[in-house]
Amino acid sequence: MSIRQGINGEQMARELHLDPTTVSKMKNDKRNATTDTAHFSLQVYDDGEYTQDVAHLFTDGRTAPTIDGLAVDRETPLAIMIQALEEIKDVTEVLDLKLFIRNPEHASDVEINAAETAYRESKELEWVMSNLCARIADFYKLNGKELDKAVKRKWKASEVLSI
């Protein structure tokens, strides 16, 4: 579990009611955070990148990891915006609808390969967009939890979601 940006391990330990040694071990990947600790930390911190790190940890890598390479300017979301535009272009190029009309049981090798490519490109776009949302929320000090709830309400109202 990553240490939240802008605070040290001792401060995080105090805020999460943990021993500083425990936080240090979690930071250095020598100990995993418990589900209860992770859940509590998400209630304490409204930090997009931290939330993303915790979700990535507890979904066995199925959710987006935080983009934090040397090519990413941590001060602005601009670099991620540029990457997002590139990923949108890549996904648009591989989503050939006529390749997805046929029933999967009768799909040709070309159609199956197209589906795998569409999955990979879509996953890359999902990860970049997740990072962009986190970075924008943190950069502009927006309440990501409330914004996520508003999007969910909108999708439910339009019957895209049934939960």
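These values consider heavy atoms only, across backbone and side chains, with no hydrogens, waters or symmetry-generated copies.
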Given 3.5 Å as the limit, does a donor-acceptor pair link the side chain of [X] with the main chain of [Y], or not?
{"X": "E111", "Y": "S108", "value": "yes"}
{"X": "T59", "Y": "A55", "value": "yes"}
{"X": "T117", "Y": "N113", "value": "yes"}
{"X": "T92", "Y": "I88", "value": "yes"}
{"X": "N131", "Y": "P65", "value": "yes"}
{"X": "S41", "Y": "A38", "value": "yes"}
{"X": "T51", "Y": "D47", "value": "yes"}
{"X": "R135", "Y": "I67", "value": "yes"}
{"X": "D19", "Y": "T21", "value": "yes"}
{"X": "K30", "Y": "T22", "value": "no"}

Closest non-hydrogen atom pair between [X] and [Y], with its separation:
{"X": "E121", "Y": "D90", "answer": "OE1-CB, 3.3 Å"}
{"X": "A118", "Y": "V94", "answer": "CA-CG2, 3.9 Å"}
{"X": "L99", "Y": "A114", "answer": "CD1-CB, 3.5 Å"}
{"X": "A64", "Y": "Q52", "answer": "O-CG, 3.2 Å"}

(message) Could you walk me through whether T37 and L18 satisfy the side-chain contact (heavy atoms from CB on, under 4.5 Å) test, starting with their C-alpha distance in whole Å, then the side-chain angles of each, then the deciding distance to 0.1 Å, before giving a yes or no?
(response) CA-CA 9 Å; T37 298; L18 297 172; 3.6 Å; yes
What I'd like to find out is whether the side chain of [X] reaches to under 4.5 Å of the side chain of [Y], using heavy atoms alone.
{"X": "L142", "Y": "L147", "result": "yes"}
{"X": "L16", "Y": "Y45", "result": "yes"}
{"X": "I101", "Y": "L97", "result": "no"}
{"X": "T63", "Y": "F58", "result": "no"}
{"X": "P77", "Y": "L132", "result": "yes"}

Should we count CD of E10 as having more than 12 external heavy atoms under 6.0 Å?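 No - once you tally the heavy atoms of other residues, nucleotides and ligands closer than 6.0 Å, there are 12 at most.
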- Task: Check whether more than 12 heavy atoms from other residues, nucleotides or ligands sit under 6.0 Å from atom CD of E93, and answer yes or no.
- Result: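 For E93, atom CD is crowded (more than 12 foreign heavy atoms under 6.0 Å).
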For K154, give me all partners under salt bridge (charged side-chain N to carboxylate O under 4.0 Å, His left out), at least two apart in sequence or on another chain.
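With sequence neighbours excluded, K154 shows a salt bridge (charged side-chain N to carboxylate O under 4.0 Å, His left out) to no residue whatsoever.
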Cluster overlap [X] with [Y], hydrophobic side-chain contacts below 4.5 Å:
{"X": "L78", "Y": "F139", "answer": "no"}
{"X": "M129", "Y": "L95", "answer": "yes"}
{"X": "F100", "Y": "I112", "answer": "no"}

Q | Sole candidate of L85, I136, V128 that passes side-chain contact (heavy atoms from CB on, under 4.5 Å) when paired with I80 | A |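 Answer to the side-chain contact (heavy atoms from CB on, under 4.5 Å) test with I80 among L85, I136, V128: V128.
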H39 vs L42, test: side-chain contact (heavy atoms from CB on, under 4.5 Å). Steps then yes/no. CA-CA 5 Å; H39 187 263; L42 293 174; 5.7 Å; no
In terms of ring plane angle, is the pair W127 and H56 parallel, tilted or perpendicular, where the classes change at 30° and 60°?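 It falls in the perpendicular class, over 60°.
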**OP:** Any chance you could measure E87, atom CD, to S122, atom OG, to the nearest 0.5 Å?
**Re:**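 Reported value, rounded in 0.5 Å steps: 10.0 Å.
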*Just by distance, with hydrogens left out, do D36 and T34 show a side-chain donor and acceptor under 3.5 Å apart?*
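Per modelled atom types, D36 and T34 side chains form no pair under 3.5 Å.
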Exercise for the section: Give every residue pair that meets the salt bridge (Lys or Arg N to Asp or Glu O under 4.0 Å) criterion with at least one member in residues 76-86, sequence neighbours excluded. Expected result: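 Matches after skipping sequence neighbours: E86-K89.
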**Prompt:** Is R62 paired with D60 through a side-chain N to carboxylate O contact shorter than 4.0 Å?
**Reply:**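 Looking at R62 together with D60, the answer is no, because their closest N to O distance does not fall below 4.0 Å.
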